[in-house]
Amino acid sequence: MTVVTFIIHFVLIFILALGIMVLSALIFPFAMRRIWGFIGDRYGPNRVGPQGLLQPFADGLKLFIKEDITPSKANRVLFAMAPAITFITPMLTVMVIPFSPGFTIANLNVGLLYLVAVGSFSILGLLLAGWASHNKYSLLGGLRSVAQMVSYEIPLILNIIIIGMLVGSLSLDDVVGSQGKVWYIAVQPLAFLVFLIAGMAELNRTPFDLPEAESELVSGYMTEYGGLRFALFAAFIEWGEVAVWSMATSALFLGGWRGPFGGNAGWLVLKVLVMAFFVIWVYATFPRLQVDQLMAFAWKVLIPISLVNLGATGLFIILMPDNFLLPIAAFSWVSVVLLVALFPGLLRKALLRKRLRQMENFKLETTEA
Amino acid sequence: MEAVLWPLLVYFAAALALVSAILTLSYLLGQRHRDAETGKPYESGIVSTGSARVRFDVKFYQNAMFFVIFDLEAVFIFAWALAVRQAGWTGYAEIVIFIGVLGSALAYLWRQGQLDWGPRRRRRLAMDIPKENDRLRG
């Protein structure tokens, strides 16, 4: 490699690094507000510039000239460090994503492991933010987000492993490379479903946005943050993670940069936009869950499903080492259909049983007292 | 495949540069003032009482423990997943036993009510112990 190509590479990577985060922070919050407006039969921001397109710049400028308040009792160092740690996380995860044929910033042979390992750094930042703020709401928000994110991390990892098994490699380049004939969403819709739900929970998006439930916790772990540090949390990190998570989902299940007329980065961008739209759509549609239901869902539903799916996938791979995609797809589709058909009824029964038990306990306690 | 690692470092430097530029810019551009209420914690306009270093529910700690257990499980499964074709039936039997042990641990936690958030179920189990003793004594 000559010095010139090295410098060109260097500059390209640098621009890409800044571009993904800045663009997602500029585009997605604005898109979210306009789509929200559309879904709620309102306008959304449409005053600054044509169709309100300059709104994100106005917001950004406003946040730039706001004061960075640090509460007097807060732990100053940790308080300043927390947004920085969380901010670096999505930027680091994006490095193993294949953008177009032959272009990955760092083509690691442990890409999938890197994805989950580095992706969980942000949990540390949220916990620090919650604790260092010296505010009860922040503390609760931080703890809640950690509890939620670690719980949903497990089904997420298990389903990433399933894809790794199908490919036989942990490099994301190989994952996308092996989806030439069929995308893995068609082979493993069950894994995709669980991955989607767990991913939405990892992103702290509605219906899983309990850490910042504004009706109970003001704004969760970011209550005490103002100015640009708030912008780091609310725009750069949240939406940067949405962008990175969409890229990872595309690479794992939707064929990454693959598409008709030859694969290139345009398809990846399109898929990311569709995924982001899906996230916003769910955000505008669903109510927030209760915290106990949220935690129970990860441990009692998603983890058992993922473990069974993992075992079945391994079984089919060993049974039919040459032609395992078809039986796995059959198994996965049947399970998805069964789950969607039966789950609501089972859930209703379980909740009814729980309520009956609670009433019985209540009777016991009142008679004993 | 030759692992090219220098872009990783460049990218990390870019991330650090961006975040420090943003924070420095906002520090330089932002206003600064200090009034009586500036440094107080914001609790929806209600005057804050006591410290925020409060004792919180042990559930959060427990949850983190469960996470560590199951996350480690995932790390071991990673190793098997990569070699699933070479490991064959022996490897499959071993991983089924491994997952089975952890699955029974999950079932035990579930049965104990450790996965329920809220005091009801656990309190009932605690109450059962004296009753159980009475029953055994006859």
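The shown structure was predicted, so the numbers you read here are calculated from the model rather than taken from an experiment. Each chain gets a letter, A, B and so on, in the order its sequence line appears, and its residues count up from 1.
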Note to self: Counting C-beta onward and ignoring hydrogens, is there a side-chain heavy-atom pair between A/Leu143 and B/Tyr61 closer than 4.5 Å?
What the structure shows: no

Check: Does a side-chain heavy-atom distance below 4.5 Å link A/Leu315 with B/Trp89?
Finding: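 Contact flag for A/Leu315/B/Trp89 side chains = yes.
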
Note to self: Please classify the contact between B/Phe60 and chain A as side chain, backbone, both or neither, with a heavy-atom cut-off of under 4.5 Å.
What the structure shows: side chain

Could you grab the distance from atom [atom1] of [X] to atom [atom2] of [Y], nearest 0.5 Å is fine?
X        : Y        : atom1 : atom2 : answer
A/Ile161 : B/Trp80  : CD1   : CH2   : 9.5 Å
A/Leu92  : B/Leu16  : CG    : CG    : 8.5 Å
B/Asn63  : A/Gln148 : CG    : CD    : 10.5 Å

Check: Among A/Met165, A/His134, A/Met295, which has the most heavy-atom pairs under 4.5 Å with chain B?
Finding: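 Most heavy-atom pairs under 4.5 Å with chain B: A/His134.
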
Notebook entry, point to check: Highest number of heavy-atom pairs under 4.5 Å with chain B: which of A/Lys136, A/Lys300, A/Met91, A/Arg229?
Noted result: A/Lys300

Check: Under the side-chain hydrogen bond (donor to acceptor under 3.5 Å, both in side chains) rule, what pairs show up with a residue in residues 153-169 of chain A, not counting sequence neighbours?
Finding: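 Non-adjacent pairs meeting side-chain hydrogen bond (donor to acceptor under 3.5 Å, both in side chains): A/Asn159-A/Ser306, A/Ser169-A/Asp174.
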
Item checked: Contact listing (chain A partner; residues 93-100 of chain B; heavy atom under 4.5 Å) ->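 Result: B/Ile99.
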
Notebook entry, point to check: By number, which residues in residues 66-74 of chain B have some heavy atom less than 4.5 Å away from chain A?
Noted result: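 Residues in range: B/Phe66, B/Phe67, B/Phe70, B/Asp71, B/Glu73, B/Ala74.
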
Margin query: Please give me the minimum heavy-atom distance between B/Leu106 and A/Pro304, naming the atom from each residue.
Written below: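 For B/Leu106 versus A/Pro304, the nearest heavy atoms are CD2-CG, 4.2 Å.
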
Next item on the list: Looking only at non-hydrogen atoms, find the nearest pair between B/Arg85 and A/Gly168 and report the distance.
Entry: NH1-CA, 3.7 Å

Under 3.5 Å, sequence neighbours excluded: what are the donor-acceptor pairs made by side chains of residues 14-21 of chain A?
none

